[in-house]
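Reading through the structure tokens given below for one structure.
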There are 2 protein chains.
Amino acid sequence: MPDELKLNAGPVTLRRRALDAARGLLAAGGVDGLHLRAIAAEVRSGVATLYHHFADKNALLAALAIEGWEELARAIEQAMGSGKFPRRIDAASRAFLTFIRRNPQLYALMQTEQALAANDAVRAAERAAFAVFQSSFEGDDRVPPERVEEVSLTIWVLGRGIASAVLMQGDDDPGAAGRLVAKVISGFGFLLSPRFAD
Amino acid sequence: MPDELKLNAGPVTLRRRALDAARGLLAAGGVDGLHLRAIAAEVRSGVATLYHHFADKNALLAALAIEGWEELARAIEQAMGSGKFPRRIDAASRAFLTFIRRNPQLYALMQTEQALAANDAVRAAERAAFAVFQSSFEGDDRVPPERVEEVSLTIWVLGRGIASAVLMQGDDDPGAAGRLVAKVISGFGFLLSPRFAD
DNA sequence: AGCACTTGTCGAACTCTGTTCGGAAGGTCT
DNA sequence: AGACCTTCCGAACAGAGTTCGACAAGTGCT
């Protein structure tokens, strides 16, 4: 994680360091490889100390997920403003896929950790990220305002599916993930084109 | 699980009973609530005994997932042959969504359990199920043969995304899942229609 | 200064998992 | 009868999250 991506300013508390360490361990070993004792060792504290900064392990994972959604939202926002794509939805979608490719384990946590499904704060952060994504359709004359929600939701959900499929692929073939994404995008493009006459 | 859905014939071995018990516990409490001791208690055996029928817990989960993919493949096949929909892809998609709605926890295991990502047998079962799904496009004149793979993959992945989104929703609002699915399908339909001019 | 209270810290212990070990019971060959 | 294999199990082990009780350092009040 380069410094310029860290918008987590403020004092470097133990909580902050623990979250950073957890993020590193998460990227290295996935959720299953993320243990409190390892985090504690990384920040040179006792395990019990972590419980003074997080209610329990789920709270720590939730904090991680929330920061993930916020980061994704910022990435989408920034991509939309960059003007590199003629259509903002294309920039937003690309930012989404880039985030997944760069933070697969973090995104897996954000998306599939059942223990976070009941966490209101996490879901609020996800809704906020989706709202940013949805805003990429503003001013797009191809979809009328009353359709924007369902259309953006469809693409958002397709993105979730792509992430899910990519994550489930083994790491044996490094190019497999890229080819899979390319196929899906190509297939989607065909379905959107007039060649597909319903 | 009604009896007519059980195509797991053969002798009622302990392995078979353990899998059935596991499936019940899975549906009740999710993967996180599935413990070997609970399974052992359910089939009235010792925990160690389970290790004579499964190499470890992952092997048991893998067996569960494989049966899930096989069951999904059968459901899709059956739906395509029923003729209730004019287009076979519609029947197949419907069967997919029905399976997810009826077996959310099992599908979550099949789709997102990282421990199964490296299991070849599970992934082969998934590929087989996808092959059945893909066959629903045979004879569909809207998509040329060379496009069938990527188009069916796109819809398959969209289904994964829907499942993922539904599973992440809390259980607080029972109708939320249905509304979400409806929105996505509606949005997808709009994108496919000529009204969406790219 | 003295005292109470809060905060941050930690080692040790507890519970609950998956897992392994050694042995017992029962069948099937030679 | 003896050797072997399969199936079974209680007990113990190791590794996770979690809780407990205590200690140190600061802060505010008298």
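If you're wondering where the values come from, they're calculated on a predicted model, not measured in any experiment. Quick note on labels: first sequence line is chain A, next is B, and so on, each numbered from 1.
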Euclidean distance, atom [atom1] of residue [X] to atom [atom2] of [N] [Å, nearest integer]:
X	N	atom1	atom2	result
B:Arg15	D:dT6	CZ	P	16 Å
A:Asp32	D:dG15	CG	C1'	14 Å
B:Phe54	C:dG18	CZ	P	14 Å
A:Leu36	C:dC10	CG	C1'	15 Å
A:Leu25	D:dA16	CG	C1'	15 Å
B:Leu50	D:dG10	CG	C1'	14 Å

So if I take every side-chain heavy atom of [X] and compare against [options], which nucleotide ends up nearest?
X	options	value
A:Ala48	D:dC8, D:dA12, D:dT19	D:dT19
A:Tyr51	C:dT19, D:dT19, C:dT9	D:dT19
A:Lys57	D:dG17, C:dT9, C:dT19	D:dG17

Sub-4.5 Å side-chain heavy-atom contact between [X] and [Y]:
X	Y	value
A:Ser93	A:Ile155	yes
B:Val43	B:Thr49	no
B:Glu149	B:Gln134	yes

Does a side-chain N or O of [X] approach OP1 or OP2 of [N] to a distance below 4.0 Å, or not?
X	N	value
A:His52	C:dT6	no
B:His35	C:dT17	yes
A:His53	C:dT7	no
A:Thr49	C:dC10	yes

| Should the pair B:Phe188 and A:Phe188 be assigned to parallel (<30°), tilted (30 to 60°) or perpendicular (>60°) ring geometry? |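 B:Phe188 vs A:Phe188 ring planes: parallel.
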| 5' priority, DNA chain D, between B:Arg37 and A:Arg37 [closest heavy atom] |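 Nearer the 5' end of the strand: B:Arg37.
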| query | Between A:Glu71 and A:Arg23, does at least one N-O distance fall below 4.0 Å, as a salt bridge requires? | reply |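 Looking at A:Arg23 together with A:Glu71, the answer is yes, because their closest N to O distance falls below 4.0 Å.
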| said: Quick check on DNA chain C: between A:Leu14 and A:Val47, whose nearest nucleotide comes earlier from the 5' end? | reply: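 The answer here is A:Leu14.
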| message | Does B:Leu34 reach a base, just sugar-phosphate, or nothing at all? Heavy atoms under 4.0 Å. | response |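 The residue B:Leu34 makes sugar-phosphate contact but no base contact.
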